[in-house]
Structure formats: C-alpha cells, structure tokens
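Index from 1, following the sequence.
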Amino acid sequence: MATVETRSLTKRFDGGNAVDGISLAVREAEFLVLLGPSGSGKTTLLRLIAGLEAPTSGDILVGGRVVTGLPPRAHNMAMVFQSYALYPHLSVAGNIAFPLQAQRMPREAIARKVSWAAALFGIGHLLARKPRQLSGGERQRVALARAVVRDPVAFLLDEPLSNLDAKLRTSAREELQQLQRRLAATTIYVTHDQIEALALGDRVAILDHGRVHQIGTPQQVYEHPADTFVATFIGSPPMNLVDTDAVVTGFRPEHFLPRGVYGDDEMLEPFPFHVTRIENLGSDRLVYGLLEPPLPPAKVISRIPCTVTFPLETGARYPFVVRHADLRRFDPRSGASVSAAPSGRPA
C-alpha cells in the first residue's frame, strides 16, 4: 500500500469548480472518509485520484510519485462504485477474475487469487452464480473481492453500502472496517452519511462546493467543528447555533440539559427554554423549543437520555443550561470557529 496526496487539485466544469484547490495527504494504511452533501465534489475528487478524470490544475501523487495526467493503470488503484458495476453475463468467479485476466496472469495464479478473495469475503459458495442471483450484500462483497485481487496501492470506494438496507449496512460497515484493518489497505471512502463516516474513518474530510472545510478524527470534527457548516452537517440532531454578543454560540443537543442534571459547583451557561414539542424515542427524548429573553429568540433542540427522568411538559418553561466547556463560538460573518468558549458562570 502507498500514500496518496493531492496538491491544489482543481477540476473545472462549465458550471464552475467541482473540485476547488484541494490539498490532502492520505497516510499509508489509513482509512480516510470524504463526507459531504450531494454536489460537494466527493466523487469527482475520487475519480481524479483514480485517474478517471483529468484535473484542470494541481497534482496527484501516489507513493511520492507524481501521476498527474497518466492513465488509470499507472495510478494502480481499485475503485468500487455505488452500482458495483458487475458484469451480468459473468459468474461471480468470472467477475472476480476479470481484472487478473486483463493483466494476462497465468490461469493457475488466477484460480488461487479468486479462491483466496472469495474465502476472505465468505462468498466461496457463490462462485458459480450470476449477479442477478445475488442479494445486494452479496453483490457488494463480489465487487470488493474483485478490487482486492488486483493488489492495488489504494482502494477507492464510492458509497458502496448505499444500496443496502439499514440492518445490512450496519453489519457490512463492520465487516468493511475489519477487512481494511486486516489488509492494512490505504482506503479513501466517499459517503454522504455522517454516521457511516464517523464509524469508519480514521480521519474524515468534510467537503462542500468543492472545498475541504475540515479534516480530522471523528472526535475532532464532532467536538471541535472548524465552522458553522461542519457544526450543522455533523450530528443528528445538528449543533444548536444562537446569535449572542456579536458571536454565534454553538452547543450540541446532548449538552443542552435541564439545570437539575448538573451539580452546583459546575460552570454553566443558562438558557431559558420554552418547550414546544417532545419526541420520545425510547433511548432518549428529543425536546424542541425556543430560547426566551434575555437571549435572542432561536429554535433549539435538547437530546435527553432515558437515564435522565426529569419531567417535562409541552408549553412549559424550564431553566436549561450548557456546561462552559461544551460551548463553541463562531464568527458571525465567516462562520469560522474563533477562540475558546466564553467564560461560564454558575446558573
């Protein structure tokens, strides 16, 4: 496996820059997730790295070697598409063997590699079947097996789990992460699903309009968002944002709780809260409402775990608080994160 790097990479189409000067470095054996909404440039960036698109400007380096402008085979990367792109007329064995046959590998070596990859993904019993006879999860495994047999320097995965149902996605996510660890495979993974990104990635790069807003570990991007876009894109529900004292103050719903939850010695910021709606989800409650004077009016959400049994009623007003350490501040014009949170006070 190898490092993958982009330097000021740009791809311009008629409507503007799909990728706008992106520089990033993927370490050897790292699992990097590209996360962002539709149209943010994730797949275009992946295709540029694979050599399937030519950049307008900038460079791509693989293992320290510039491969910009070279054909895809020189990039030596295996890409798994959202549709899996299996050949319908070939068996599972034929699909897995196809890239090896294209390399004119000896027949005996191909058979060994196909058998190894099939065993790795638990699809040895499916080798004689055609793609139409497989479930979505089985097709996904065939696509991954076909990628693995090539011995690429990196894996590029473009939303490979998006066609699976929710339960299967969870199990496939776990299997994919374990496989990546076993192979020590440099992996770049595209998704718009933040839960998937935080669960899989060693690091997460958050994109919007062709630019990277933040790169960091899942914990870093969640707890210390670089700007208001990241703050509201990451998290379900997203971070609450309130205009206060010439800054935008942010706090996660799980940190916005009734005053009685905290001890008397903690530094807290008070937020008078008018409850308008309550959703009981079993494991927790989502409490919707409005902030009240002296704070400016703003819609906010509290996420209260089931272990907190504080009684709440729709239409009532309560003293809610946030710990000083859990507050984040952002510039109201640029949206960028600014200095440490404002000093707290006992509430």
Given side-chain contact (heavy atoms from CB on, under 4.5 Å), test Cys306 with Asp284 step by step and report yes or no. CA-CA 5 Å; Cys306 62; Asp284 48 31; 5.8 Å; no

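Applying the salt bridge (charged side-chain N to carboxylate O under 4.0 Å, His left out) criterion to Glu292, with sequence neighbours excluded, gives Arg317. Applying the side-chain hydrogen bond (donor to acceptor under 3.5 Å, both in side chains) rule to Arg173 yields no partners; only residues at least two apart in sequence or on another chain are considered. Remark: Arg182 engages Leu120, Gln178, Leu179 in a side-chain contact (heavy atoms from CB on, under 4.5 Å) (not counting sequence neighbours). With sequence neighbours left out, Asn280 forms a side-chain contact (heavy atoms from CB on, under 4.5 Å) with Arg285. With sequence neighbours left out, Arg150 forms a salt bridge (charged side-chain N to carboxylate O under 4.0 Å, His left out) with no residue at all. By the side-chain contact (heavy atoms from CB on, under 4.5 Å) test, Thr68 is found to be paired with Pro55, Asp59, Ile60, Val66, residues two or more places apart in sequence or in another chain being considered. Contacts of Tyr222 classified as ring-ring contact (aromatic ring centres under 6.0 Å, His included), with partners at least two apart in sequence or in another chain: none. Judged as a salt bridge (charged side-chain N to carboxylate O under 4.0 Å, His left out), and not counting sequence neighbours, Asp208 has no contacts. Remark: His192 engages Glu159 in a side-chain hydrogen bond (donor to acceptor under 3.5 Å, both in side chains) (not counting sequence neighbours). Applying the salt bridge (charged side-chain N to carboxylate O under 4.0 Å, His left out) rule to Arg203 yields the partners Glu30; only residues at least two apart in sequence or on another chain are considered.
For the residue pair Gln180/Tyr189, the side-chain donor-acceptor check at 3.5 Å is not satisfied. A donor-acceptor contact under 3.5 angstrom links the side chains of Thr249 and Thr244, judged on distance only.
Checked by atom type and distance alone, the side chain of Ser8 never pairs as donor or acceptor with a backbone atom of Gly58 at under 3.5 Å.
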Which atom pairs, one a donor and one an acceptor, fall under 3.5 Å between side chains of residues 122-134 and the rest of the protein, sequence neighbours left out?
from	atom 1	to	atom 2	distance (Å)
Gln133	OE1	Lys130	N	2.8

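Taken from CG in Asp158 to CZ in Arg47, the straight-line distance is 8.5 Å, to the nearest 0.5 Å.
With respect to the salt-bridge test (charged N to carboxylate O, under 4.0 angstrom), the residues Asp227 and Arg328 do not qualify.
The shortest distance between side-chain heavy atoms of Phe81 and Pro160 does not fall below 4.5 Å.
Ile96 approaches Ala145 most closely through the heavy-atom pair CD1-CB, 3.9 Å.
Alongside Val247, the hydrophobic cluster contains no other residue (criterion: ILVMFWY side chains under 4.5 Å).
Partner of Phe273 under the ring pair (Phe, Tyr, Trp, His ring centres under 6.0 Å) criterion, chosen from Tyr288, Phe256, Tyr318: Phe256.
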